[in-house]
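Just the heavy atoms: all of them, side chains too, but no hydrogens, waters or symmetry mates, feed the values below.
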Amino acid sequence: MEILVIGAVILGVLFYNRTIDKEKFIADMEPLTSKLIEDDYEFLVYAKYGEDVDIKILARQRMLIALIAFAVAFVMFNMSGTASFDFGKVLLNTVFSLVIAILLYKSQYFSLKRFYKQHLHEIDIMLPYYLKSLEILIQHYTVPVAIAKSIDDAPDIFKPGLRQMVEKINAGDATIDPYMDFANLYPVRDSMRMMRLLYRLGLGSQEKKQERLMMFSRTVSNLQNKARETKYKERLNHMENQTMIMLVTTGLGVMIIILISMLSMFQM
């Protein structure tokens with residue numbers, strides 16, 4: 001353990017004196033640390049924080065916190081040990097420290113996952129309104145161009161998925177896969193069906209496009225109606241809950257007042 005502490009102190013001094021370039025050291029470690037980053041981590045970060053956040057900085061912070069947690073846990077586990085070296089105990093403490101570091105490293109990812117799942121309901125309601133604005137653009141542009149032009153005005157949570165879709169289409173993928181990948185990123189009601197309709201809009205002649213656009217428009221309008229009904233039901237349920245809370249609170253208040261009055265009468 002003494003060797004580990006001395007090594008950490010020496011490394012810290014080298015960083016402080018700029019004998020070792022900290023930024024270069026981190027950059028050299030990135031090929032290794034990038035393998036530890038989850039496939040959907042970038043998408044989840046953009047979905048929560050927007051596209052202005054620096055993914056590399058967040059990833060470095062995750063790694064740094066995990067390394068610090070490992071070092072602190074390792075030192076604490078081995079502080080109350082015997083003077084003699086016990087390899088088995090050190091190995092077991094190393095495993096425990098590693099587990100703590102991994103859990104801490106994964107905690108940010110799990111938090112992003114929870115945030116995304118909690119907002120799937122909002123995505124379900126927002127999707128029809130986004131598709132309606134996209135429908136207007138499709139009347140004047142091809143589907144890929146309309147999608148690209150819609151990104152700036154799209155809800156922030158859709159922007160990462162839309163950019164991925166456009167990048168795949170521009171890279172030459174003319175299949176339905178980019179559209180299905182978008183639907184898989186946002187697995188809400190009718191997202192798969194709407195992406196299939198959107199893909200078919202880009203196929204065939206102009207006459208077929210008009211027919212498919214009418215079908216697309218009717219479907220989007222139906223989804224909008226469902227979204228409005230959902231919003232109305234949510235408001236109604238919220239009002240009912242508030243009314244119930246008010247009635248229960250009032251009833252409890254009246255009962256307390258009656259109980260206090262009865263106790264006062266008995267004391268007389």
Side-chain angles (χ1 to χ4, degrees), residues 37-55 58-59 109-204 208-228 230-231:
I37 297 176
E38 300 82 1
D39 293 337
D40 57 347
Y41 177 72
E42 182 177 337
F43 167 76
L44 293 172
V45 168
Y46 286 152
K48 182 174 182 179
Y49 299 110
E51 296 186 312
D52 295 331
V53 69
D54 192 325
I55 295 289
L58 278 182
Y109 175 73
F110 293 145
S111 175
L112 292 170
K113 274 280 193 184
R114 284 195 301 272
F115 173 86
Y116 180 68
K117 289 180 180 178
Q118 289 169 359
H119 285 72
L120 278 177
H121 176 65
E122 294 179 19
I123 294 171
D124 191 17
I125 293 175
M126 286 190 292
L127 184 60
Y129 295 95
Y130 164 71
L131 292 174
K132 193 65 179 178
S133 65
L134 184 60
E135 175 199 333
I136 297 170
L137 289 172
I138 291 173
Q139 294 175 8
H140 306 284
Y141 304 98
T142 62
V143 172
V145 173
I147 294 172
K149 287 184 174 293
S150 72
I151 293 176
D152 291 338
D153 297 325
D156 289 338
I157 202 162
F158 288 137
K159 289 181 179 179
L162 291 171
R163 293 194 192 281
Q164 288 182 21
M165 188 197 303
V166 171
E167 286 174 3
K168 291 173 184 176
I169 294 172
N170 290 340
D173 191 344
T175 68
I176 198 174
D177 291 343
Y179 299 86
M180 290 296 99
D181 291 342
F182 179 87
N184 288 325
L185 285 175
Y186 305 95
V188 294
R189 177 181 54 196
D190 291 326
S191 61
M192 289 282 185
R193 182 162 64 97
M194 296 309 300
M195 288 302 107
R196 289 192 188 96
L197 290 175
L198 193 59
Y199 170 71
R200 288 171 189 155
L201 271 174
L203 303 176
K208 288 185 177 180
K209 178 182 176 180
Q210 291 300 323
E211 294 175 3
R212 288 167 180 164
L213 186 59
M214 290 178 62
M215 182 186 299
F216 184 80
S217 177
R218 286 195 297 268
T219 308
V220 170
S221 297
N222 290 334
L223 288 179
Q224 279 187 308
N225 291 334
K226 290 179 182 177
R228 291 191 194 99
T230 301
K231 280 185 177 180

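Shown here are the side chain to side chain donor-acceptor pair (under 3.5 Å) partners of Glu135, two or more places apart in sequence or in another chain: Lys132, Ser217. For the side chain to side chain donor-acceptor pair (under 3.5 Å) test, no residue two or more places apart in sequence or in another chain qualifies with Asn184. For Tyr199, the side chain to side chain contact (heavy atoms under 4.5 Å, CB included) criterion is met by Ile176, Tyr179, Leu203, not counting sequence neighbours. Scanning for side chain to side chain donor-acceptor pair (under 3.5 Å) contacts around Tyr49 gives an empty result, with sequence neighbours left out. Residues forming a side chain to side chain contact (heavy atoms under 4.5 Å, CB included) with Asn170 (at least two apart in sequence, or on another chain): Val166.
Pro155 and Met126 make their closest contact through CB-SD, 3.9 Å (heavy atoms, listed as atom of the first residue, atom of the second, distance). Residues Met195 and Ala183 approach most closely at CG-CB, 3.8 Å, considering heavy atoms. Of all non-hydrogen atoms in Leu131 and Phe216, the two that sit nearest each other are O-CE2, 4.0 Å. Between Met180 and Met192 the shortest heavy-atom distance is CE-O, 3.5 Å. Nearest heavy atom pair, residue Leu137 against residue Ala146, reads CD1-O, 3.6 Å.
Summarising the geometry, atom CD1 belonging to Ile157 is positioned 11.5 Å from atom CG belonging to Leu162; distances are rounded to the nearest 0.5 Å. Distance check, rounded to the nearest 0.5 Å: CG of Leu112 to CD of Glu38 gives 9.0 Å. The distance from atom CG of Asp124 to atom CG of Asp190, rounded to the nearest 0.5 Å, is 8.0 Å. Note that CG of Leu198 is 11.5 Å distant from OG1 of Thr219, once rounded to the nearest 0.5 Å. Between the CZ atom of Phe115 and the NZ atom of Lys48 there is a distance of 6.0 Å, given to the nearest 0.5 Å. One distance of note links CG of Leu58 with CD of Glu42; it measures 11.0 Å at 0.5 Å rounding.
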Is there a side-chain contact (heavy atoms from CB on, under 4.5 Å) between Phe158 and Leu127? Walk through the geometry before answering. CA-CA 9 Å; Phe158 288 137; Leu127 184 60; 4.0 Å; yes
**Prompt:** Checking side-chain contact (heavy atoms from CB on, under 4.5 Å) for the pair Ser111/Arg114: CA distance, chi angles, key distance, verdict?
**Reply:** CA-CA 5 Å; Ser111 175; Arg114 284 195 301 272; 3.8 Å; yes
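Legend: side chain to side chain donor-acceptor pair (under 3.5 Å) pairs involving residues 146-155, not counting sequence neighbours, sorted by first then second residue: Tyr130-Ser150.
Contact check on Lys168 versus Asp177 returns no salt bridge, with no Lys/Arg side-chain nitrogen under 4.0 Å from an Asp/Glu carboxylate oxygen.
Ring orientation note: the planes of Tyr186 and Phe43 are nearly perpendicular, at an angle over 60° on the 30°/60° scale.
For the pair Met194 and Val220, the minimum side-chain heavy-atom distance is below 4.5 Å.
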